[in-house]
Amino acid sequence: MEDKEIKEQVARYWDIGCKDYDAQDGHGLKGDDEKQAWLKFLQNIVPVDTKDILDVGCGTGFLTLLLAELGYNVKGIDLSEGMQSDAKRKVSEAGLVSRVTFDIADAENTGEEDDKFDVVINRHLLWTLPHPREAVDEWIRVTKPGGCVIIIDGDWNSISREVKAEDHKDKNDDNSYSEELIQNLPLHRGEGKPFDYIDRDGYEITIVSLKDIDNLERKKYVDNDWLSNDNYKREAYVIRKPQYR
């Protein structure tokens, strides 16, 4: 498949998937307990003096809204107009329009200027990209010297294998995309783990566990085959961009 067709199929899938995305466990916030856990995590991981943040693959605005509530200026980009329309609605309802802008853009080619943002962030995005390593390079490019890229992700393929082994099915398994599309998405087809595409020579990379949030969701969603899985864990990979290279 050509890149254009891959990305058109991905965008089309999420244009449809946006209709119930926030209602699914672990996707939208279901309760103040989850919101407060995420706010605490973001407060701890976003560097002091950060002002401008790019939320790549912003979807329905999960991180966008939380970051705007914390006082940052946030730009959210996504390929899916459907997902982003939900984000725009929520930003408007929350009275955060002055802090947030949106654009339809490709995570692997943002169209942003070099060295523009203090922080570039995303959540659960790498698995749906055809060129995850190149995408990380792009996020580093648009980050200011001294700023950082924050990638929040997990080893979804390993969990998927365990869930399938128990003959369970849910909306997050490989049936989400066509088999042809999956073959063009390295992490979705099980080719390596997130850190394989994030690791960079010459860059300081810190790995931060999301264990408090994972444990909260594990206890809260005991009937969810994914979130209750003992091996369900996420990490935030923080890539610090040097002041000078």
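- Heavy-atom minimum distance, Ser92 versus Val97: CA-CG2, 3.7 Å.
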Practice task
Dump the intermediate steps for side-chain contact (heavy atoms from CB on, under 4.5 Å) on Val46 and Leu70, then the final yes or no.
Solution key: CA-CA 10 Å; Val46 174; Leu70 290 172; over 6 Å; no
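- The pair Arg89-Glu93 counts as a salt bridge, with a side-chain nitrogen and a carboxylate oxygen less than 4.0 angstrom apart.
- Taking the side chain as every heavy atom from C-beta outward, His188 and Thr128 never approach each other to under 4.5 Å.
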Handout entry: Step-by-step ring pair (Phe, Tyr, Trp, His ring centres under 6.0 Å) determination, Trp156 to His124
Key = CA-CA 9 Å; Trp156 312 123; His124 308 170; 5.0 Å; yes
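- Gln9 places a side-chain heavy atom less than 4.5 Å from the side chain of Met1.
- Between Arg141 and Glu112 there is no salt bridge, since no side-chain N of the basic residue sits under 4.0 Å from a carboxylate O of the acidic one.
- Between the CD1 atom of Ile152 and the CG atom of Leu63 there is a distance of 5.0 Å, given to the nearest 0.5 Å.
- Asp196 places no side-chain N or O within 3.5 Å of a backbone atom of Gly192 that could act as its donor or acceptor partner.
- Counting heavy atoms from C-beta outward, Val119 and Thr143 have side chains that stay 4.5 Å or more apart.
- Considering CD1 of Ile205 and CD1 of Ile239, their distance stands at 5.0 Å, rounded to 0.5 Å.
- Looking at Asp55, its side chain never comes within 3.5 Å of a backbone N or O of Lys75 through a donor-acceptor pair.
- With Thr50 contributing its side chain and Pro47 its backbone, the two residues share a donor-acceptor pair below 3.5 Å.
- Of all the heavy atoms in Ile198 and Val136, the pair that sits closest is CG1-CG2, 4.4 Å.
- In terms of heavy atoms, Gly61 sits closest to Ala87 at N-CB, 3.6 Å.
- With a 4.5 Å cut-off on side-chain heavy atoms, Ile213 and Glu34 do not count as touching.
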Practice task
Given side-chain contact (heavy atoms from CB on, under 4.5 Å), test Tyr13 with Leu181 step by step and report yes or no.
Solution key: CA-CA 11 Å; Tyr13 174 82; Leu181 179 56; over 6 Å; no
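- The local environment of CG in Asp32 is crowded, with over 12 non-hydrogen atoms from other residues, nucleotides or ligands closer than 6.0 Å.
- Between the side chains of Glu180 and Asn184, not a single donor N or O lies within less than 3.5 Å of an accepting N or O.
- One hydrophobic cluster, built from ILVMFWY side chains closer than 4.5 Å, cannot hold both Val56 and Phe102; they sit in different ones.
- For the atom pair CG (Asp214) and OG (Ser209), the distance works out to 6.5 Å, reported to the nearest 0.5 Å.
- The closest side-chain heavy-atom distance from Arg200 to Asp137 is below 4.5 Å.
- Judged purely by atom type and a 3.5 angstrom limit, Lys241 uses its side chain to pair as donor or acceptor with the backbone of Ile140.
- The pair Glu108-Lys7 counts as a salt bridge, with a side-chain nitrogen and a carboxylate oxygen less than 4.0 angstrom apart.
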Exercise for the section: Go through Val10 and Tyr177 one step at a time and tell me if the side-chain contact (heavy atoms from CB on, under 4.5 Å) criterion holds. Expected result: CA-CA 8 Å; Val10 169; Tyr177 292 159; 3.8 Å; yes
Practice task
Test salt bridge (charged side-chain N to carboxylate O under 4.0 Å, His left out) on Asp52 and Lys116 and set out the steps.
Solution key: CA-CA 8 Å; Asp52 301 313; Lys116 183 175 181 180; over 6 Å; no
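- Checked for salt-bridge contact, Glu191 and Arg189 meet the test: a charged N lies under 4.0 Å from a carboxylate O.
- Just one residue in the list Asp115, Asp49, Asp118 forms a salt bridge (charged side-chain N to carboxylate O under 4.0 Å, His left out) with Lys144, and that residue is Asp118.
- We find the CG-OH distance between Leu42 and Tyr72 to be 8.0 Å, quoted to the nearest 0.5 Å.
- In terms of heavy atoms, Gly26 sits closest to Tyr221 at N-CE1, 4.3 Å.
- To the nearest 0.5 Å, atoms CG (Asn73) and CG (Leu96) are separated by 11.0 Å.
- Cation-pi geometry between Arg123 and Phe62 is met: under 6.0 angstrom from the ring centre, within 45 degrees of the axis.
- For Tyr21, the ring pair (Phe, Tyr, Trp, His ring centres under 6.0 Å) partners two or more places apart in sequence, or in a different chain, are Trp14, His27.
- Every residue was checked against the ring pair (Phe, Tyr, Trp, His ring centres under 6.0 Å) condition with Phe117, not counting sequence neighbours, and none meets it.
- Under the 3.5 Å distance criterion, the side-chain polar atoms of Arg240 are matched with a main-chain donor or acceptor of Gly146.
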Practice task
Could you walk me through whether Lys220 and Asp33 pass salt bridge (charged side-chain N to carboxylate O under 4.0 Å, His left out), step by step?
Solution key: CA-CA 10 Å; Lys220 190 171 180 177; Asp33 52 350; 2.9 Å; yes
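- Salt bridge present: Lys30 and Asp25 bring a charged side-chain N and a carboxylate O closer than 4.0 Å.
- Between Arg133 and Tyr197, the shortest heavy-atom contact is NH1-O, 3.6 Å.
- Nearest heavy atoms, Leu185 versus Leu129: CD2-C, 3.7 Å.
- The cluster map of Ile, Leu, Val, Met, Phe, Trp and Tyr, joined by side-chain heavy atoms under 4.5 Å apart, puts Leu79 and Trp127 in different clusters.
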Practice task
Take Ile121 and Ile53, measure what side-chain contact (heavy atoms from CB on, under 4.5 Å) needs, and give me the verdict at the end.
Solution key: CA-CA 7 Å; Ile121 195 168; Ile53 298 179; 3.8 Å; yes
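- One N or O on the side chain of Asn224 and one on the backbone of Leu227 form a donor-acceptor pair closer than 3.5 Å.
- Both Ile151 and Leu125 are part of a single hydrophobic cluster, where members link through side-chain heavy atoms under 4.5 Å apart.
- Although no hydrogens or angles enter the test, the distance criterion places a donor-acceptor pair under 3.5 Å between the side chain of Asp78 and the main chain of Gly59.
- Sparse packing is recorded around CD of Glu81, with 12 or fewer heavy atoms of other residues, nucleotides or ligands lying under 6.0 Å away.
- Salt bridge status for Asp155 with Lys193: present, with a side-chain N to carboxylate O gap under 4.0 Å.
- In this structure, the side chain of Trp139 engages the main chain of Ala107 through a donor-acceptor pair within 3.5 Å.
- Note: the hydrophobic cluster containing Tyr203 also contains Val120 (ILVMFWY, side chain heavy atoms under 4.5 Å, direct or indirect links).
- Side-chain contact between Arg234 and Lys211 is absent, with no heavy atoms from C-beta onward closer than 4.5 Å.
- Using a 4.5 Å heavy-atom threshold, the side chains of Val74 and Arg99 count as separate.
- For the atom pair CD (Gln84) and CD1 (Ile104), the distance works out to 4.0 Å, reported to the nearest 0.5 Å.
- Between Phe41 and Asp212 there is no side-chain heavy-atom pair separated by less than 4.5 Å.
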